[in-house]
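Report on one structure; see the data block that follows.
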Amino acid sequence: MMSWPAKPLAFVATLLVGLGSLSGCMKGNELNVDLPGTAAIGTNYVDLPITASTVRQQPIQTLKAEHFLAGRLFDNLTGNTEARAVLSLLPSVNDSLPGRYTSATSPDSVVITLGFDQVYGSTSTPAKLDVLELATKLDERTVYNSASVAPVKATIGQNLVVPLNKTKAVRQAIATSTTDSITVQVPDPTVRLVVQRQGTGTNPNYPNVSSTFANSLFRQLQVASLTQAQLDAILAGIIIAPSQGYNGAVLSFSRVVSGAINIYFHPAASQKRHSYQLYFGPSPSGSGPGAPTDPRYYTQLSTDFQTSSALSALQGSAPGTRLSSAAAGGVTYVQEGTGLGTALSFVSPQFTSLLARPGIAINRAELILPIQPYSNALLSNPARLYALEVDAKNQPLQRVTGINSVDRVVQGDGAVQQGRGSEAIGLPYSASTTNIYYDVLITSYLQAYLNDPTAATLGGLPDALVLTPALSTATSLTLNRAALTASAMRLRVYYSQLRQ
């Protein structure tokens, strides 16, 4: 069981009785402020030690997340983390179909375009990606996650080079002039995967690329109209995966930026070029959070954890494995994508002693979790942490809210702890450049267990709290990671001594 003391936690009931007796015996002056035989009530605080360990929770919910990932990244802690973006397709307007231009026999080019907004790893070296054909359409009734393996039918393109530090020229108005402008270079975070390029007089910097797949796809688009069912029969979807041997970066693609397979062609009797798009992933409008009718997509993730890393003990480990902070050099980890979390236990004589003291009221309780200095050079710290109640196998405990079964996440101060949707959020704070820490308020959470020592109305006592940057209900997906200094973690409790 979790670090809750075996001793009953019923001091709050004693406290209420004491307050009732006190109010019945008040004999002050006309302002009713003198309390004979009492002392002023002050506020004290105590820092209680925490036992921390690193756990791994799998799988990660990645279906229709805010981002989808593609690439492979190596680092000394986790080894190789591989991400594959699995994307369904959506036809665009039918009036631009190749079938509307019957004299067009083959495409000039087929280019897959999508925009990234984050690179985990190095941008100095171009990424290398493969485009694969999905063997079967993503099922509407299946919940896909990071462990769902996408079946491959065929290879569409291999070792496609993607520069990650490109720029483009744009015209920018001069603030002091209403007519003048200047040309400036700005980042161009666009991935262009050329599946086919053909034609005479091709720029030597962009040589021709042949593709049997592109020609076959073009022939099958020689129809007057295209339904979703017809497209699914032609092409179930695509997978964007890292090429073999590449492990320099993982690219993050936002769902609010539309991606597409662009098919460029021109009729034989005309040089006017036309194009047709097969959209994938998020909303083709390129804005907003997307709609249920948008194409389905998810990210398949795997991490191999190098044998030289202390975290290798978590690779393929039995449920319930917790890697002590001592075994990891005094550090614990939290990371999205890989499922790393920090399990907390409050077992200590000081914690038991505090809860056994009669006549106190807890004013504030917070978890203070310092981040290792200079540990975010490769990956940024997560923007927020949540506290999740788990069992001895590190699996989230659940409670029924209404008709739904939900994970037991610590709710914020002032919120009902049996509820949902008001999660306590741990945010990073900077005392200095080398002193950054997460702070998680758990006053109401701790008070709820003190009011109900057996946790009967709370669903039973948890075995531990796991700090995680992602919840099963959250839509975020990143590879952000934080290294936490276990020896400096503490549960700080502010309390008032109302009676001895």
Side-chain angles (χ1 to χ4, degrees), residues 63-64 68 70 84-114 129-142 144 148-158 160 191-198 209-241 253 255 258-268 273-286 290-298 300:
L63 181 65
K64 284 197 170 184
F68 54 92
R84 293 183 164 212
V86 185
L87 309 161
S88 294
L89 300 171
L90 180 75
S92 60
V93 293
N94 283 317
D95 58 7
S96 60
L97 271 165
R100 298 298 182 109
Y101 306 90
T102 55
S103 59
T105 58
S106 64
D108 298 331
S109 61
V110 174
V111 182
I112 299 173
T113 59
L114 61 165
L129 301 176
D130 295 344
V131 180
L132 311 172
E133 183 177 355
L134 186 61
T136 57
K137 178 180 178 290
L138 296 183
D139 185 74
E140 292 294 330
R141 297 181 180 87
T142 301
Y144 297 93
S148 301
V149 178
V152 177
K153 180 179 180 180
T155 299
I156 296 173
Q158 279 186 305
L160 304 177
V191 171
R192 297 177 179 85
L193 304 173
V194 179
V195 177
Q196 175 163 296
R197 184 193 294 120
Q198 60 184 3
V209 178
S210 61
S211 170
T212 303
F213 165 83
N215 290 326
S216 174
L217 176 63
F218 189 78
R219 287 193 299 270
Q220 294 180 82
L221 294 178
Q222 297 287 341
V223 293
S225 63
L226 183 67
T227 65
Q228 184 67 57
Q230 288 173 318
L231 175 58
D232 294 339
I234 295 172
L235 182 58
I238 62 172
I239 303 168
I240 300 177
F253 304 95
R255 71 178 178 189
S258 60
I261 301 177
N262 300 278
I263 302 158
Y264 301 99
F265 61 96
H266 69 274
R273 192 168 72 162
H274 301 272
S275 66
Y276 184 73
Q277 285 74 40
L278 297 174
Y279 294 108
F280 55 73
S283 170
S285 66
T293 55
D294 289 344
R296 306 195 93 200
Y297 62 93
Y298 75 95
Q300 178 185 331

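Please read all numbers here as calculations on a predicted model, not as lab measurements.
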Who passes salt bridge (Lys or Arg N to Asp or Glu O under 4.0 Å) against R273, sequence neighbours left out?
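With neighbours one apart ignored, the set is empty.
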Report, one line per pair, each donor and acceptor closer than 3.5 Å where one atom sits in a side chain of residues 92-99; sequence neighbours left out.
from, atom 1, to, atom 2, distance (Å)
S92, OG, Q277, O, 2.8
N94, OD1, L226, N, 2.9
S96, OG, V93, O, 3.3

With sequence neighbours left out, write down each residue that passes side chain to side chain contact (heavy atoms under 4.5 Å, CB included) with T136, or none if nothing qualifies.
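Scan of T136 (side chain to side chain contact (heavy atoms under 4.5 Å, CB included), adjacent residues dropped) gives P151.
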Could you work out, with side chain to side chain contact (heavy atoms under 4.5 Å, CB included) as the rule, every residue matching H274, not counting sequence neighbours?
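Partners of H274 by the side chain to side chain contact (heavy atoms under 4.5 Å, CB included) criterion, ordered by chain and then number, come out as Y101, F265, P267, K272.
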Could you work out, with side-chain hydrogen bond (donor to acceptor under 3.5 Å, both in side chains) as the rule, every residue matching S225, not counting sequence neighbours?
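By the side-chain hydrogen bond (donor to acceptor under 3.5 Å, both in side chains) rule, S225 matches no residue at all.
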Identify, with sequence neighbours excluded, every residue that meets side-chain hydrogen bond (donor to acceptor under 3.5 Å, both in side chains) alongside Q300.
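Checked Q300 against side-chain hydrogen bond (donor to acceptor under 3.5 Å, both in side chains); zero matches.
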Mutual orientation of the aromatic rings belonging to F68 and F253 [parallel < 30°, tilted 30-60°, perpendicular > 60°]
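Ring orientation of F68 relative to F253: parallel.
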So how far is it from S109 OG to N262 CG, rounded to the nearest 0.5 Å?
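So the OG of S109 and the CG of N262 are separated by 8.5 Å.
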Side chain to side chain, [X] and [Y], heavy atoms closer than 4.5 Å:
X: F218; Y: V110; value: no
X: L193; Y: I156; value: no
X: V195; Y: I112; value: yes

Taking I261 as the fixed residue, which of L87, L235, V131 is the one that meets the side chain to side chain contact (heavy atoms under 4.5 Å, CB included) rule?
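Only one option passes, and that is L235.
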